[in-house]
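One-based numbering along the sequence shown. The model shown is predicted, which means the values in this text are computed figures rather than measured ones.
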Amino acid sequence: MQGFQHSEYITLSRSEFDVFDRSPDPALDELTELAAVLSLADYAYIGWMDFSRLWFKSHFGFNAPEQPRVSTGCNWVITTGQALLVLDAAADRRFPPDGIQVPATANCRSYAGVPLISPDQQIIGTLAILARSPRQFSHEHITLLDVLARQVITRLELYNRVRAQEHAQRARQRTERALAVERCFVAATLDSIPALVAVLDTAGRIVRFNQPCAQLTGLSIVDSVGRPFVEEVLEPEDRDWAAGTLHHAASGQVSGPHETLWRISGALTRRVSWTLRPLEGPNGEIQYLIVSGQDITDQREAEEALLSSETRYREVVESSLGFVFTCTIEGRLTSLNAFTAETLGYRVEDLTGRSIAELLDSTGALTFHECLQTLRTKDEWQGAIPVRRSDGVYRRIAFRSRRMELRGERPFILNHGVDVTEQHEAEEALHLATRQRELILQSVGDGIYGIDLDGRLTFINEAGARALGYEPGQLTGRVIHDLIHHSHADGTPYSKVTSPILQGMRRQETVRQRDEVFWRADGTSIPVEYTASPLIEDRRISGMVVAFQDVSERRRLEKMKDEFISTVSHELRTPLTSLRASLGLISSGALEKRPEKQKHMLEMAISNCDRLTRLVNDILDFDKVEKGAMPLRRVPVEAVDLLRRASDVAHGHAADAGLRFRIEAIPALVLADEDRILQVLNELVSNAIKFSPPNTLITLSAQPSGKSDVCFVVEDQGQGIAPEKLEHIFDRFQQGDASDTRALGGTGLGLALCRSIVEQHNGRVWAESTPGRGSRFSFTLPIATPAG
């Protein structure tokens with residue numbers, strides 16, 4: 001029993017043995033029945049246990065699928081990892097007085113159970129027997145159960161190996177099918193291209209011919225395999241240098257193009273231009289040599305015919321439906337066919353003798369100059385150049401230019417061209433559409449990503465990757481559910497089976513979710529709303545496109561709105577109720593004979609009117625400050641004067657509350673708007689009075705803070721502020737007590753307004769407090785210097 005895994009690791013081996021399969025198993029049923037019969041037990045079972053329940057895979061004497069874990073004896077077997085023998089459960093403190101519960105039967109007093117331990121020493125379940133009578137079992141029954149438990153494990157191992165073999169066989173079949181498809185695809189691709197392609201090994205032996213190559217050489221694809229390429233295809237005079245070329249290619253060098261004669265059937269030859277390229281394998285070593293060529297026999301014969309016979313030249317050139325012309329090494333036209341002139345809107349004689357650069361724009365002229373420079377050292381050049389027609393319209397022509405040399409004559413350039421304007425425009429339009437799509441994706445503020453049928457990410461825009469804390473390249477090709485959608489907001493697992501996005505892909509329908517979370521790279525979650533739409537291509541779904549939006553700010557604004565409505569409605573309701581009651585008593589005449597009471601009611605009404613006025617003023621002032629509509633008229637002001645004026649304003653209120661002021665300040669000039677800074681001080685002093693007990697002191701002070709600031713402090717001896725609220729005390733609609741039952745009132749805007757005013761003065765404001773020992777509110781203002 002040594003080396004077993006504790007119960008919290010049980011799910012690992014359950015996944016290996018697939019024990020949650022509920023289907024009946026005759027072999028396990030026989031072992032269960034055998035355990036019951038040999039031990040004369042009333043009940044027996046084989047069960048798997050999770051954190052709360054015992055699941056019955058096989059049972060004898062009762063019929064139930066499960067029962068709570070705590071009511072079983074197997075709970076102790078799993079916890080200790082040891083066999084358990086209970087002679088009398090009624091006398092055992094671990095169990096109820098009436099015995100161990102068996103579902104839908106009488107309780108049992110005798111129990112014997114052993115753990116089912118996998119070969120990797122993990123507990124996957126229990127084998128147990130129970131009897132209604134006490135002392136029914138002994139240690140010999142534990143030995144019997146150990147033997148039967150090993151048979152259960154043997155049976156489960158057998159099932160697991162069968163499943164593993166089936167899985168391996170299916171994987172092998174998939175691989176073989178994929179390789180077959182790959183081979184067919186490569187073969188079909190090679191055979192479908194017009195070029196001559198031969199695949200050689202590094203020793204120069206033929207591995208494969210494509211169909212055009214086999215047709216040209218007369219060698220069948222099957223018969224050519226294993227034959228030396230040089231001896232089979234090339235003429236004897238080319239074999240020596242060709243063998244050296246193959247050797248260099250095997251070391252990683254590209255060679256060509258070469259023009260040689262290739263032998264074909266019937267002892268004939270064809271002129272072929274071919275190139276030799278090495279092909280690396282997965283380990284970086286050269287694995288194959290690729291020969292790619294083109295039969296240029298007809299082309300060379302046409303060129304020779306053109307050079308040897310003026311008549312044949314003109315026949316071939318004039319009958320061509322492509323651009324054919326010659327020019328000097330300097331780029332001046334010497335001859336051209338009628339198709340070239342007519343396509344450009346000219347007569348042949350109009351173009352003969354002109355520089356080709358005259359028909360090009362600046363970019364095309366630069367490209368053509370590069371062509372001429374290349375042909376001074378090389379035999380051939382290929383490229384595309386926009387050529388201007390006589391009506392000013394440009395046509396894009398793909399050229400193949402070749403330097404020609406005739407004995408006794410100056411070299412010249414022979415040019416063949418094809419009009420590819422429509423093809424180029426189509427490619428440009430496709431590129432533009434692709435680029436526009438990319439720009440649209442990047443300009444959208446919401447996150448957008450796509451997944452394939454396996455749930456792997458195919459694309460994501462910058463906004464989406466940034467919201468999730470990744471770079472786009474970090475997500476491409478990865479299973480997106482496992483990265484951002486693996487858990488609910490409370491941290492519980494979110495399986496792929498229940499994922500709305502993957503369900504929508506299986507059902508081929510659009511999914512909209514308003515209350516979900518995605519998980520960022522740093523492990524934090526963000527609330528999102530998303531729409532997932534199927535991506536349909538050729539009437540078949542190829543994936544899903546998901547557009548999501550981070551709604552954190554919206555949720556914050558909604559919460560702020562609710563707090564504002566709650567705060568303002570309370571602050572309006574309370575004084576209005578008091579005001580209505582006071583005026584109602586006066587209006588009814590009930591206080592005519594009590595003038596002192598009537599005066600008190602009038603004072604109460606006036607006080608509540610003032611309270612409503614302050615509420616409206618706070619809201620209007622805060623709105624002005626937030627919008628930058630509250631101008632500041634900053635002038636040099638004595639710091640001590642500001643403190644004295646603030647204490648004078650609040651003197652009557654403080655005296656009524658039994659409070660005293662103390663002012664501590666050194667002479668200092670600050671640059672400030674007097675009215676606005678007095679508004680800040682009045683708010684801080686008013687709060688100090690509101691939250692200070694009678695017969696205490698409120699201290700107002702102003703001291704230097706560094707070389708350029710003066711620090712103002714309002715300190716009381718009140719109840720203080722809780723630490724968790726201190727950080728947010730200057731936020732909008734935040735108070736020390738935000739409940740609607742608070743007795744002292746307030747909109748929650750006063751301190752937020754103070755912060756805005758101080759920050760407009762290039763100062764800062766903060767609060768310090770120890771609960772039960774008072775609060776200290778401080779802010780800084782710049783010193784008024786002569787230069788300022």
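A salt bridge does not link R645 to D648: none of the charged side-chain nitrogens sits closer than 4.0 Å to a carboxylate oxygen. Residues R456 and D454 are not paired through a salt bridge, judged by the lack of any N-O separation under 4.0 Å between the basic side chain and the carboxylate.
Y449 is listed as a side-chain neighbour of I484, based on a closest heavy-atom distance under 4.5 Å. Side-chain contact between S692 and I698 is present, with at least one heavy-atom pair separated by less than 4.5 Å. Residues D446 and F548 form no side-chain contact, since every pair of their non-hydrogen atoms from C-beta on lies 4.5 Å or further apart. When side chains are defined from C-beta on, F459 counts as touching I448, because their heavy atoms get closer than 4.5 Å. Looking at E664 and L643, their side chains never come closer than 4.5 Å, going by heavy atoms from C-beta outward. In this structure, S542 and P534 have side chains that are not in contact, with every pair of non-hydrogen atoms separated by 4.5 Å or more. Counting heavy atoms from C-beta outward, L684 and F779 have side chains that approach closer than 4.5 Å. Contact annotation: the side chain of R69 never approaches that of S52 to less than 4.5 Å [non-hydrogen atoms, C-beta and beyond].
Without hydrogens or angle criteria, Q703 side chain to V710 main chain gives no donor-acceptor distance under 3.5 Å. Remark: the backbone N or O of T780 is not paired with any side-chain donor or acceptor of H761 at under 3.5 angstrom. Formation of a donor-acceptor pair under 3.5 Å by the D673 side chain with backbone atoms of R634 is not found in this model. T498 places no side-chain N or O within donor-acceptor distance of the main-chain N or O of Y494, the cut-off being under 3.5 Å. S756 places a side-chain N or O within 3.5 Å of a backbone atom of A752 that can act as its donor or acceptor partner. Looking at W519, its side chain does come within 3.5 Å of a backbone N or O of S487 through a donor-acceptor pair. Without hydrogens or angle criteria, T458 side chain to D452 main chain gives no donor-acceptor distance under 3.5 Å.
Shortest non-hydrogen contact noted between A688 and V714 is CB-CG1, 4.2 Å. I460 and L468 get closest at one heavy-atom pair: CD1-CD1, 4.2 Å. Minimum heavy-atom separation, Q474 to E471: OE1-N, 2.7 Å. Smallest separation of non-hydrogen atoms from L678 and A646: CD2-N, 4.1 Å. For the residue pair T510 and S533, the shortest heavy atom distance occurs at CG2-OG, 3.7 Å. Residues I721 and S775 approach most closely at CG1-OG, 3.6 Å, considering heavy atoms.
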| Going through the checks in order, is the side-chain contact (heavy atoms from CB on, under 4.5 Å) test met by S778 and V765? | CA-CA 6 Å; S778 308; V765 61; over 6 Å; no
| query | Checking side-chain contact (heavy atoms from CB on, under 4.5 Å) for the pair V713/R776: CA distance, chi angles, key distance, verdict? | reply | CA-CA 7 Å; V713 179; R776 177 186 177 94; 3.6 Å; yes
| task | Dump the intermediate steps for side-chain contact (heavy atoms from CB on, under 4.5 Å) on K496 and V479, then the final yes or no. | result | CA-CA 11 Å; K496 294 181 180 179; V479 179; 3.7 Å; yes
| request: Please step through side-chain contact (heavy atoms from CB on, under 4.5 Å) for the pair T699 and L697, ending with a clear verdict. | output: CA-CA 6 Å; T699 302; L697 184 67; 4.0 Å; yes
| message | Before you tell me yes or no, could you show the steps for H485 and F518 under ring pair (Phe, Tyr, Trp, His ring centres under 6.0 Å), namely the whole-Å CA-CA distance, both residues' side-chain angles and the distance that decides it to 0.1 Å? | response | CA-CA 5 Å; H485 208 195; F518 283 173; 5.3 Å; yes
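Taking CD1 of I541 as the start and CD of Q508 as the end, the distance is 5.0 Å to the nearest 0.5 Å. Taken to the nearest 0.5 Å, the CG atom of L642 stands 11.0 Å off from the OG atom of S647. Going from atom CZ of F777 over to atom CD of E768 covers 10.5 Å, rounded to the nearest 0.5 Å. Rounding to the nearest 0.5 Å places OG of S525 at 9.5 Å from NE2 of H486. Of the inter-residue distances, the one linking H653 atom NE2 with K690 atom NZ reads 8.5 Å to the nearest 0.5 angstrom. Here the CG atom belonging to L700 is positioned 10.0 Å from the CZ atom belonging to R662, to the nearest 0.5 angstrom.
Taking a 6.0 Å sphere around CZ of R520, one finds it holds more than 12 heavy atoms contributed by other residues, nucleotides or ligands. More than 12 heavy atoms of other residues, nucleotides or ligands lie within 6.0 Å of NE2 in H488, so this atom counts as buried by the packing criterion. More than 12 heavy atoms of other residues, nucleotides or ligands sit less than 6.0 Å from atom CZ of R506.
Looking only at atom types and distance, the side chain of T363 has no donor-acceptor partner in the side chain of D361 under 3.5 Å away.
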